[in-house]
Amino acid sequence: MSKLTPTPGQTVGPFYGYALPYPKDSELVVPGSPRSMRVHGTVTDGNGDPIPDCLLEIWQADEHGVISQKTGSLKRDGYTFTGWGRAAVDDDGHFTFTTVNPGSIEEKAPFIAVVVFARGLLNKLHTRVYLPEDTEALAKDALLNSLPADRRATLIAEREEDGSLLWNIRLQGENETVFLDFS
Amino acid sequence: MRVIHEAYEQAKAADPSAEEIMPRIDFEPYRSSILRHPTKDLRHTDPETIELWSPAFGHRDVHKLESDLTIQHNGEPLGERIIVTGRILDGDGRPVRNQLVEVWQANAAGRYIHKRDQHPAPIDPNFTGVGRMLTDDNGNYRFQTIKPGPYPWKNHHNAWRPAHIHFSLFGTDFTQRMITQMYFPGDPLFALDPIYQSITDQKARDRLVATYDHNVTEHEWATGYNWDIVLSGSNRTWMEDEEDE
C-alpha cells in the first residue's frame, strides 16, 4: 500500500499545442521502413462525435518483446527504438502512430499500453490495444477473460490489409472502450 | 458545485472510506466533461511487464536551459518573475529520478500561444510558456518562469480560470503517468472554478496549491514557490541497486 497520498490529476486542457507535441512524436520508427506498422483510429465522445483536442501516448516492447530503456524519445534519431510515443489527434479526432508490432513478453498476449488525455477529461485514462492474431494467447489473457465479449472487443485492434492496426477509442456510450485502474 | 460538495461531505461524514483523492471525471459543472467521461467503472487489473516500467529520458532529450522559460526569446518576458521547485516522489516516498517534467502556461496577461486561444489579451513576443526538465537524483525539479495570469473561458457566464501551470509527469511505472495543474496560494477564483472544484475534497484540492517559499525567493530577482508532487504507488519489484540511496 502507498504511504503517501497521490497528487490529484487534472485535465490536459485545450492549450497544450506548443508544450506536448514535438517533431516525430508519433513516429517510433521511420514511416515506410521495413519493420514499420501503423496504429490508427478515431477518438469519439458520448454522441459519437470526434474529439479534436485529445492527446494519446503509447508505451510498448519492441518486436522481440524487449522493453527499451534507451533515451531519445524527444529527439528522434531515426534509429533508436525507445518504445514510447505521443500523438495529438487531428481536427477529425484521428490519430496515427508509426511503430512496430509489439513482441510477446513472457509468452503473454502482446499489447500496447495507451494513456488518454483530453480537454474535458478530468484525469488520465489507461487502456491497452491487443494484436488480433495470437488467438491462443488472447484466450488466456487475464484482463480479456474478465470482460464480457462486447467489451473485450474494444481492446482488440483490427488488422487491415496493408498491415495497419485499426483501433478506435470511445470515451463514452455504445461500445465504450474499457479503461483500466491499477490501484 | 455547492450541492455536489455538500453531498460529498455528508457521505464522507457517514463513511470516512468515501474520501476522494482524485477529481471526479464526471463533474457536471465542468460542461466539457459531460460527454467525455467513461460511464462504466474502470476495470481493475494488475499491471503487466511493460506497464511496470516507464520510458527513459536523458539530456539527449532535454537541454538544461529548457527549464528557464524566460530566456527563450530575445527579450525579457513581462510579468512577475518566479522560481518554482519541488520534489517528485512515488507513493512509497521514493524520489522519482531522471524523469521528464513538462510545464506549460499562459503569459502574465492570461494568454496562451495557441491558435484556439482567442482571449483578447496581449501576446508576449518574449514568452511561449513551455518548459522541460529532468528530475535530479533526489527527485527535485526546478524552473524559472513568470507568474501566469487568470483568463476567461466559455464554461459559463463570467467564467475565469485561476492562475495555474500545467505539469506533465512520469514515474518509474507507466501506471504513474499523470498530467495535473499547479495553482497559486490564496487565489479568489478557486471557489468559482469547476476544474479545480472537480476535486470534491478540500484536503485533496489543497495538494494542487503551491506554497510561497522565501528560501526559494532570490534577492532582487524572483519570488519563489514550492510544490511537491506525489505519484501513485509503484507496483514494481525493485532491484537492490534501484533501492540504493
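Lettering of chains follows the sequences in order, A, B, ..., and the numbering in each one begins at 1. In this text, all values refer to a predicted model and were calculated from it rather than measured experimentally.
For S168(B), the part lying under 4.5 angstrom from a heavy atom of chain A is the side chain only. Only the side chain of L100(B) comes within contact range of chain A, with heavy atoms under 4.5 Å apart. Residue contact with chain B, scored on non-hydrogen atoms closer than 4.5 Å, involves the backbone and the side chain of S146(A) alike. Residue contact with chain A, scored on non-hydrogen atoms closer than 4.5 Å, involves the side chain of E66(B) exclusively. At a 4.5 Å heavy-atom cutoff, the contact between R24(B) and chain A is made by backbone atoms alone. At a 4.5 Å heavy-atom cutoff, D173(B) makes no contact with chain A through either its backbone or its side chain. Of the atoms belonging to R128(A), it is side-chain heavy atoms, and not backbone ones, that fall under 4.5 Å from chain B. Heavy atoms of I199(B) lying under 4.5 Å from chain A belong exclusively to its side chain. Residue contact with chain B, scored on non-hydrogen atoms closer than 4.5 Å, involves the side chain of F117(A) exclusively. Contact annotation for Q176(B): only backbone heavy atoms (N, CA, C, O) come within less than 4.5 Å of a heavy atom of chain A. Looking at R76(A), there are no atoms closer than 4.5 Å to chain B (heavy atoms on both sides), in backbone or side chain. For chain B, the nearby part of V178(A) is the side chain; its heavy atoms alone come within less than 4.5 Å. Heavy-atom distances place the side chain of Y30(B), and not its backbone, under 4.5 Å from chain A. Only the backbone of D228(B) comes within less than 4.5 Å of a heavy atom of chain A; no side-chain atom from C-beta onward does. No part of P110(A) comes within reach of chain B, as not one of its non-hydrogen atoms sits under 4.5 angstrom from that chain.
A donor-acceptor distance shorter than 3.5 angstrom exists from the side chain of Q172(A) to the backbone of H37(B), with no hydrogens or angles considered. Of the possible polar contacts, none joining the Q69(A) side chain to the P55(B) backbone as a donor-acceptor pair under 3.5 Å is found. Looking at W84(A), its side chain never comes within 3.5 Å of a backbone N or O of A56(B) through a donor-acceptor pair. Formation of a donor-acceptor pair under 3.5 Å by the H44(B) side chain with backbone atoms of F182(A) is not found in this model. Under the 3.5 Å distance criterion, the side-chain polar atoms of K124(A) are matched with a main-chain donor or acceptor of R177(B). In this structure, the side chain of Y18(A) does not engage the main chain of T128(B) through any donor-acceptor pair within 3.5 Å. A donor-acceptor pair under 3.5 Å is formed between the side chain of T7(A) and the backbone N or O of V230(B). For the pair D61(B) (side chain) and S73(A) (backbone), a donor-acceptor distance under 3.5 Å is present. A donor-acceptor pair under 3.5 Å links the side-chain atoms of Q181(B) to the main chain of T11(A), judged by distance alone. A donor-acceptor contact shorter than 3.5 Å links the side chain of T180(B) to the backbone of P8(A).
A distance of 11.0 Å separates NE2 in H59(B) from NZ in K75(A), rounded to the nearest 0.5 Å. A distance of 8.0 Å separates CG in D53(A) from OG in S32(B), rounded to the nearest 0.5 Å. Remark: I25(B) CD1 to L125(A) CG distance equals 5.5 Å, nearest 0.5 Å. Atom CG of residue L180(A) and atom OG1 of residue T175(B) lie 11.0 Å apart, to the nearest 0.5 angstrom.
The aromatic rings of H126(A) and F174(B) lie perpendicular to each other, with more than 60° between the two planes, well past the 30° mark.
Contacts of D117(B) classified as side-chain contact (heavy atoms from CB on, under 4.5 Å), with partners at least two apart in sequence or in another chain: F15(A), R111(B), Y112(B), H114(B), H119(B).
With 3.5 Å as the limit, one finds no donor-acceptor pair spanning the side chains of E102(B) and Y22(A).
Considering only heavy-atom pairs separated by less than 4.5 Å from chain B, the leading option among G83(A), G46(A), C54(A) is G46(A).
A side chain to side chain contact (heavy atoms under 4.5 Å, CB included) with R36(B) is found for exactly one of T44(A), V43(A), I51(A), namely I51(A).
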